[in-house]
There are 2 protein chains.
Amino acid sequence: MFKKFKIPEATVGRLTAYSRFLKEADEKGISTVSSQQIAKATGVTPAQVRKDLAYFGEFGTRGVGYNPRELYNYIMKILGLDRRWPVIIIGAGRLGAALAMYGGFAERGFDIVGIFDVDPAKIGNKIGDIEIRPLEELKEKVEELSIKLGIVAVPAASAQEVVDFMVESGIRGIINFAPVNVSVPEGVVLRRVDLASQLEYLTFHLGESR
Amino acid sequence: MFKKFKIPEATVGRLTAYSRFLKEADEKGISTVSSQQIAKATGVTPAQVRKDLAYFGEFGTRGVGYNPRELYNYIMKILGLDRRWPVIIIGAGRLGAALAMYGGFAERGFDIVGIFDVDPAKIGNKIGDIEIRPLEELKEKVEELSIKLGIVAVPAASAQEVVDFMVESGIRGIINFAPVNVSVPEGVVLRRVDLASQLEYLTFHLGESR
DNA sequence: GGCATTTTGTTAAAAAATTAACAAACTTGT
DNA sequence: ACAAGTTTGTTAATTTTTTAACAAAATGCC
Ligand SMILES: NC(=O)c1ccc[n+]([C@@H]2O[C@H](COP(=O)([O-])OP(=O)(O)OC[C@H]3O[C@@H](n4cnc5c(N)ncnc54)[C@H](O)[C@@H]3O)[C@@H](O)[C@H]2O)c1
Ligand SMILES: NC(=O)c1ccc[n+]([C@@H]2O[C@H](COP(=O)([O-])OP(=O)(O)OC[C@H]3O[C@@H](n4cnc5c(N)ncnc54)[C@H](O)[C@@H]3O)[C@@H](O)[C@H]2O)c1
């Protein structure tokens, strides 16, 4: 589709940031923004903004800048967000529940359509208006709605087996919150989010100046 | 302290992963591990492991490998985790509450010692055994316990003002969960965690293969 | 319309990070 | 004690990413 060349890992995250700024600008009725303004708002250099965009095409006008709404739409399309994505969560614990209720996902096109757990005491309970279902029903649901995305919020010890089952059920993109390295077969995209590690980043850098 | 040279951004995150594996290995009674084993377990190359460690010193024995416990201790010291760190959370919403109850922080040396909010309805409530306190009391608490680390779990619209107040109160390392770019003065370390962006990383990469 | 100004898209240069290669140092077996 | 086999630490090569530079294209002023 796009991707004539290899795209830097970090570019995707920056595109997200650009798109958020562009949406705001558009809502304010601004009709053109420069790479410099985008850069300022998102904490990068203007050259970086132009380079990131250049991987995917030409979206601006020389001497003028970019139209926020237009560029926003392009970026959303690049990110695959020109549609809505159903998402399931495995693990109806504290984190799973917080994520299920998080409005920020829907805002970006992600709909939490199912929450699964193995704890009999939790099955049948509701989080928001979604009922917690037993893990065995995952595959059925995934096939029914062609779900491709899933979030793992189970204890580290269960993460690998849960991920295996998700993949077997048809999930193709996974975010893993358990602090453990899990492996997935070719063709499945995995992203690990380690929150303790984020704090450690801070202590490391605080330590530097000691 | 350490850091004769500049350390790659990603090294810190990998050190966290290495340390987790090393702890497990030590608990299993294993007396030596090779860079290859560490690499395998954490999903990187052996060369990467050795390079990462080389920034900080020599921790292994040629022809043999590393002692898990010893290397674990070294890494924890590098990360600044040879002590415990008190941490405060601002925003006692769903995410703030989930984070406050998260056992994974204490496991890595982080103690949540305070939760602050502005909602009068929440002040006085308890999350676990910590009472939600009004934001005005932040500075007092920070000074009392010499707190350096804070987590921002407030709506995006309030994030910048909250961060400013945290910095003013003495906080020097901040994790921001609000999906907005905030700025901090020199000397304050800021880390942004954007969960929606993680899902977008998945959709981008799924889109590639269409 | 021509000229100065602006801002993009692109190419080139620089910097940073990863991977590879290999000598040095240790272990084990004979 | 020496040879064969490991595995580190380090230096060099490669790859990736970022930053800089600048021609090309558009605007607006006179
Ligand atoms: N709570 C946080 O803020 C937080 C932060 C970062 C990471 N995490 C990680 O996220 C994961 C969940 O954390 P939590 O605090 O929500 O834990 P939790 O104990 O509150 O919830 C875990 C849930 O997973 C369910 N579960 C266990 N095994 C399962 C399986 N095989 N299949 C399906 N469901 C299963 C449990 O029944 C429980 O409901 C953990 O790995 C934790 O380390 C949590
Ligand atoms: N819930 C999630 O899973 C999740 C995931 C990713 C990011 N986030 C982000 O984290 C933040 C919090 O999310 P949430 O779901 O917990 O929201 P929430 O509405 O449940 O909680 C927000 C809390 O912040 C408090 N607050 C508001 N302004 C404040 C201020 N100036 N000072 C102190 N406290 C203040 C509110 O009273 C409320 O208790 C948001 O920015 C959200 O985008 C949440």
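Below, chains carry the letters A, B, ... as their sequence lines are ordered, and counting in each starts from 1.
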Q: Locate the shortest heavy-atom distance separating B:Ile90 from B:Val154; write the atom from each residue and the value.
A: O-CG1, 3.5 Å

Q: Take the protein atom OH of B:Tyr74 and the nucleotide atom P of D:dG9, then report the distance between them rounded to whole Å.
A: 11 Å

Q) Does CD belonging to A:Gln160 count more than 12 external heavy atoms closer than 6.0 Å? A) yes

Between the protein and nucleotides 22-26 of chain C, which nitrogen or oxygen pairs come in under 3.5 angstrom?
unit_1, atom_1, unit_2, atom_2, d
C:dA24, O4', B:Arg62, NH1, 3.3
C:dA24, N3, B:Arg62, NH1, 3.2
C:dC26, O4', B:Arg62, O, 3.4

Q: Rounded to the nearest angstrom, tell me the gap between atom CD in A:Glu58 and atom C1' in D:dA26.
A: 13 Å

Q. Would one find a side-chain N or O of A:Tyr66 under 4.0 angstrom from OP1 or OP2 of C:dT6?
A. no

Distances under 3.5 Å between nitrogen or oxygen atoms of protein and nucleotides 14-18 of chain C:
unit_1, atom_1, unit_2, atom_2, d
C:dT18, OP1, B:Arg14, NH1, 3.1
C:dT18, OP2, B:Arg14, NH2, 3.0
C:dT18, OP2, B:Gln48, NE2, 3.4

Q | Residues that B:Glu144 engages under salt bridge (Lys or Arg N to Asp or Glu O under 4.0 Å), provided they are two or more places apart | A | none

Q) If you measure from CZ on B:Arg14 to CD on B:Glu9, what distance do you get to the nearest 0.5 Å? A) 10.5 Å

(Q) Is the phosphate of C:dT8 approached by A:Ser35 (side-chain N or O, under 4.0 Å from OP1 or OP2)? (A) yes

**Q.** Between P of C:dT10 and CZ of A:Phe56, the distance in whole Å
**A.** 14 Å

Q.
Could you check whether B:Arg108 pairs with A:Asp194 (Lys NZ or Arg NE/NH1/NH2 to Asp/Glu carboxylate O, under 4.0 Å)?
A. no

**Q.** Rounded interatomic separation in angstrom, taking CD from A:Gln36 and P from C:dG9
**A.** 15 Å

